[in-house]
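Right, one structure below, let's go through it.
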Amino acid sequence: MKIKRIIKKIFRRKRAKEKLNQQNEYMDALHETALGLMNRLKLNDLLEAIVSRAGALLGTPHGFIYLAQEGEAEMVLQVGMGTYSKYTGHRLKPGEGVAGIIWQTGQPLIVEDYQTWSGRLPAPHPPRLTSPSPSPKASAKGKVNRGEREAGGKSESLHAIIAAPLKSDSQTVGVIGLAYSKEDRTFSEDEVKLLNRFAELASIALDNARLYTSIEQELFERRQAEEALRANEERLARIVETVADGILIEDLEGRIIFANAAAEKIYGISLSPTPSLSLSLIEKGRKRTKDWKITTLQGKPFPDEKRPSTQVLRTGQPIYGVEQVIHRPDGTQVIVSLNAAPLRDISGTLTGVILSVTDITQRKRAEKMIKKLAYYDALTGLPNRALFNDRLNLALAQASRDQHMLALIFLDLDRFKTINDTLGHTLGDRLLQEIAKRLVGCLRRSDTISRFGSEECIISRLGGDEFTILLPRIHQVEDAARIAQRILDTLKSPFYLDGHELHVTTSLGIAFYPNDGKDAQTLLKNADAAMYQAKEWGRNSYRFYTSTMNARALERLVLEAQLRRTVEREEFAVYYQPQVNLKTGKVVGVEALIRWQHPELGLVLPGNFIRLAEETGLITSISKWVLKTACTQNKAWQDAGLPPLRIAVNLSARIFRQENLIDTVAHTLEETKLNPSYLELELTEDTIMEDAEEAIVVLNQLKEMGANLSIDDFGKGYSSLSYLKRFPIDTLKIDQSFVKDIPSDPDDTTIAKLIIDMAHALELKVIAEGVETEEQLFFLCAQQCDEAQGYLFGQPVPVEEFERLLKEDRCFKKYMIENSDYKKL
């Protein structure tokens, strides 16, 4: 018995010694492992080393490490060894499998039989598992009676599994696990303790690796940031040197510490940083060049206190859009827009000022041009309607405030359209330019007659041939009258353009504030009304506005509206006046004269509406209607068997200048079937002399058509005899103003006799108009005048009355006295 006790004691001592030796080996292995792990700083290398060394310690080729993903509620199989190697990337949620339970509980776990463990998961295919498994019932020692196949199915026979948490600051960040495939192999308590100690060391190594990785990442990011900063600085430097804007930096003393090439180009001098160079000194002309300076846009010196740098240093706030004029040493000037902002260091302390300078010279020129186009007439350079209205409103406001009078003159050129139509718009435009120069010269600033108080008169062109003149301050009506007369006298002299001698007159209307209107629109309207009154009074004059002008203007508007309706409805009437042969006493012709049977005014004579028709353009339609009506009526008389007559129709100047006149006459003759020889077209001297050469062409075409041509109101114009000889006319009609006072007025008598003699010399027929007395008739017969018309033979009458005259075949032979007394007249 004693021997047995000794043997047992020896065996216990031997087993204790073996256990001690084994523990020493484990400790040495742990020490060696710790040293090996602490030297591995790359995370992936460290994880592979951890799992391989752990496997070596516990004698198994199967192992794994799951790591929790930051910001995610999942663990990922980061490194797998043996059976687990093909499941790298497998994901688990808390509570799923061995790793999920440890992640959830933070405690190590041993599964003795994985195949029968209730928490076993199916093979991870696809790698991510989505169906959670129930948590196993663990024993007080952390063991369960059934195992788990962590990463495989039936194809792999894993038996026992042991796993421990990897922690960082008491928080589970991962799980390390090992497994045996043999059924007779289990993990002892010492191995569990060893794995736990190993997991503690691995956790420290893992923290170190992560810290190293974090530091390395921070260093990498810092290097990247530094490289990006250097790249940005280089890029910024290139941008600063290539931008068109000048960039400058001044320190707190105003010294230039940086200037790009664009700044030197804009300023026109070298701005290389020197201890004494500052823009403030340059601006004062005390550095670099005495000719260099900066002024305001108005040319005044730029004050120190207004310098952008000074203001930024004083307030600490940026300033934008300061406009300056730089006078460079080479004599050129540039306009710049300058922005200035405070420059601060990293602590926010103000260290200087950064300035950006933009050359806006071209922009300012463009703005000036745009302003000129918007507010000045492109042809004459005078203020246009928009600018004039603005100035007029300002002047009215000041006149109201200061209780003084102002005058507005409305100027319109007389018969300017004739110049445009005959000589062309190009020459017309040049004439307008010359007229504008004369007006400016007449009212130039230095002339005391054009200035009233401290304000200057303003001339503008409203458009076409209309001008306005504003006299901002006058003391009496006579001041405006003197200006108006001065303008009339100035335009009296002829204009010589391209070999043409042009005489221009103008009509002026004058309105006063406050008597004739207290706002711009009313003043312009009343001045315009006064101008039209001046035209009605014979043109080349001025008229002051009176309240009755508006009444006449309103009457004119009403009359115009009624006239338009009458033209549209063709509600005119044609009256007929006989033309008598002074040798036979027979009616040989008739003149068609238009009348307007107004529903309220009664019979309106042409003198009361023809001018209005000409101004509104309605005269064209009226002339065509009269021509057609007269031709139709003459053909009707002939078809009725009455003696054939020549019918005379007046052609207005407007229809004569139309390009389709020949077609109009030809179409009318064709439509009415009237023989052209029974049509006589009457034109005034003024009409054919406006463009004599063109008139000759048109008259020849009408003559070739077979129509007769006559010059109406002959003697009132200034026909050139050379042109008169070339005109293909048949008849001259002596104007009634020369017939009215014969034979009592020697001058009229002489003129009438000369016209008759001249016409006969040119083989032209002569008709005297306005014959009302026998004395006039006797004189005309004595002078061998061919025909006459007037109240002595009959007034213009409606068609029915004239038909009766024709049917009676009335003869005026009783007037054809042939005695000696008559011959002496």
- Are any side-chain N or O atoms of Q776 and backbone N or O atoms of V739, one a donor and one an acceptor, separated by less than 3.5 Å? yes

- Might you work through the side-chain hydrogen bond (donor to acceptor under 3.5 Å, both in side chains) test for D414 and S507, ending with a clear yes or no? CA-CA 7 Å; D414 297 329; S507 300; 2.7 Å; yes

- Whether over 12 other heavy atoms sit under 6.0 Å from H667 NE2: no

Enumerate, atom names and distances included, each donor-acceptor pair closer than 3.5 Å involving a side-chain atom of residues 424-431, sequence neighbours excluded.
unit_1, atom_1, unit_2, atom_2, d
R430, NH1, D498, OD1, 2.7
R430, NH1, D498, OD2, 3.0

- Query: Which distance, rounded to the nearest 0.5 Å, do you find between the CD1 of I734 and the CG of L780?
  - Reply: 6.5 Å

- Any side-chain heavy-atom pair of F778 and T773 under 4.5 Å: no

- With distance as the sole test, does Q533 use its side chain to make a donor-acceptor pair with the main-chain N or O of Y545 at under 3.5 Å? no

- Within-4.5 Å side-chain heavy-atom neighbours: Y791 and Q577: yes

- Taking T380 for the side chain and L382 for the main chain, is one N or O donor matched with an acceptor at less than 3.5 Å? yes

- Item | Non-hydrogen side-chain atoms of K807 and L642 separated by less than 4.5 Å | yes

- Query: Which pair of heavy atoms, one from I662 and one from V698, lies closest together, and at what distance?
  - Reply: CD1-O, 3.9 Å

- Does E801 use its side chain to pair, donor to acceptor, with the backbone of V797 at less than 3.5 Å? no

- Query: So, do L777 and L582 sit near enough that their side-chain heavy atoms are less than 4.5 Å apart?
  - Reply: yes

- Query: Do the side-chain N and O atoms of E591 and N650 include a donor-acceptor pair separated by under 3.5 angstrom?
  - Reply: yes

- Query: Should Y576 and V799 count as side-chain neighbours, where that means a heavy-atom distance under 4.5 Å?
  - Reply: yes

- Would you find more than 12 non-hydrogen atoms of other residues, nucleotides or ligands less than 6.0 Å from R415 atom CZ? no

- Item | Taking every non-hydrogen atom, the tightest pair across L413 and D465 | O-OD2, 3.2 Å

- Item | Stepwise side-chain hydrogen bond (donor to acceptor under 3.5 Å, both in side chains) test for Q789 and Q579 | CA-CA 5 Å; Q789 73 181 81; Q579 295 175 336; 2.7 Å; yes

- Query: Given the rule in the salt bridge (Lys or Arg N to Asp or Glu O under 4.0 Å) test, do E693 and R726 qualify, once you have shown the distances and angles that lead to the verdict?
  - Reply: CA-CA 10 Å; E693 294 296 336; R726 294 172 59 192; 3.2 Å; yes

- Query: Quick check: does any side chain N or O of R486 sit under 3.5 Å from a backbone N or O of A481, one acting as donor and the other as acceptor?
  - Reply: no

- Message: Between T506 (side chain only) and D412 (backbone N and O only), is there a donor and an acceptor less than 3.5 Å apart?
- Response: yes

- Is the NZ atom of K765 crowded by more than 12 outside heavy atoms at less than 6.0 Å? yes

- Query: Which heavy atom of S744 sits nearest a heavy atom of T749, and at what distance?
  - Reply: N-OG1, 4.5 Å

- Message: Both conditions, 6.0 Å and 45 degrees, for the charged tip of R595 above the ring of Y575: are they met here?
- Response: yes

- Note on the structure: Distance col, row T632:OG1 vs L674:CG, nearest 0.5 angstrom, shows 8.5 Å

- Message: I need the M758 CE to L732 CG distance, nearest 0.5 Å.
- Response: 5.5 Å

- Query: Rounded to the nearest 0.5 Å, how far apart are CG of L488 and CD1 of I483?
  - Reply: 11.5 Å

- Query: Is the F410-F467 ring centre distance short of 6.0 angstrom?
  - Reply: no

- Item | Trace of the side-chain hydrogen bond (donor to acceptor under 3.5 Å, both in side chains) decision for T505 with N540 | CA-CA 5 Å; T505 61; N540 195 28; 4.8 Å; no

- Message: Please evaluate residues T684 and T687 with respect to the criterion side-chain hydrogen bond (donor to acceptor under 3.5 Å, both in side chains), reporting the C-alpha separation (whole Å), side-chain torsions for both, the decisive distance (0.1 Å), and the verdict.
- Response: CA-CA 5 Å; T684 65; T687 298; 2.8 Å; yes

- Message: For a 4.5 angstrom cut-off between non-hydrogen side-chain atoms, does V766 reach H760?
- Response: yes

- Message: Going by side chain to side chain donor-acceptor pair (under 3.5 Å), name the residues that satisfy it together with D489, two or more places apart in sequence or in a different chain.
- Response: Q485

- Task: Look at D748 together with K740 and state whether they make a salt bridge at an N to O cut-off of under 4.0 Å.
- Result: no

- Task: Side-chain contact test, heavy atoms from C-beta onward, threshold under 4.5 Å: evaluate it for L702 versus L709 and give yes or no.
- Result: yes

- Does K703 pair with D730 as a salt bridge, N-O distance under 4.0 Å? yes

- Query: For the side chain of N634 and the backbone of L645, is there at least one donor-acceptor N/O pair under 3.5 Å apart?
  - Reply: yes

- Ion pair D713/K733, N-O distance below 4.0 Å: no

- Task: Hey, could you give me the CZ/CG distance between R646 and N675, rounded to the nearest 0.5 Å?
- Result: 13.5 Å

- Query: Checking R461 against F388: charged group under 6.0 Å from the ring centre and within 45 degrees of the axis?
  - Reply: no

- Note on the structure: Interatomic distance, CD1@I756 vs CG@D786, rounded to 0.5 Å, equals 8.5 Å

- Query: Is K753 salt-bridged to D757, going by a charged N under 4.0 Å from an acidic O?
  - Reply: no

- Query: With a 3.5 Å cut-off and no angle check, do the side chains of T750 and D747 form a donor-acceptor pair?
  - Reply: no

- Looking only at non-hydrogen atoms, find the nearest pair between E682 and A648 and report the distance. OE2-CB, 3.3 Å

- Task: Return the minimal non-hydrogen interatomic distance between A527 and A511, and the atom names on each side.
- Result: N-CB, 3.8 Å

- Item | Lys/Arg-Asp/Glu bridge criterion (N-O < 4.0 Å) met for K586, E787 | no

- Message: With a sphere of 6.0 Å drawn around CD of E478, does it hold more than 12 non-hydrogen atoms of other residues, nucleotides or ligands?
- Response: yes

- With side chains defined as the heavy atoms from C-beta onward, is the minimum distance between I619 and I655 less than 4.5 Å? no

- Message: Within the 3.5 Å criterion, strictly below it, is a donor on T468 or S460 matched to an acceptor on the partner's side chain?
- Response: yes

- Non-hydrogen atoms of L679 and C631 that approach each other most closely: CD1-SG, 4.0 Å

- Query: Are the side chain of N581 and the backbone of T584 linked by a donor-acceptor contact shorter than 3.5 Å?
  - Reply: yes

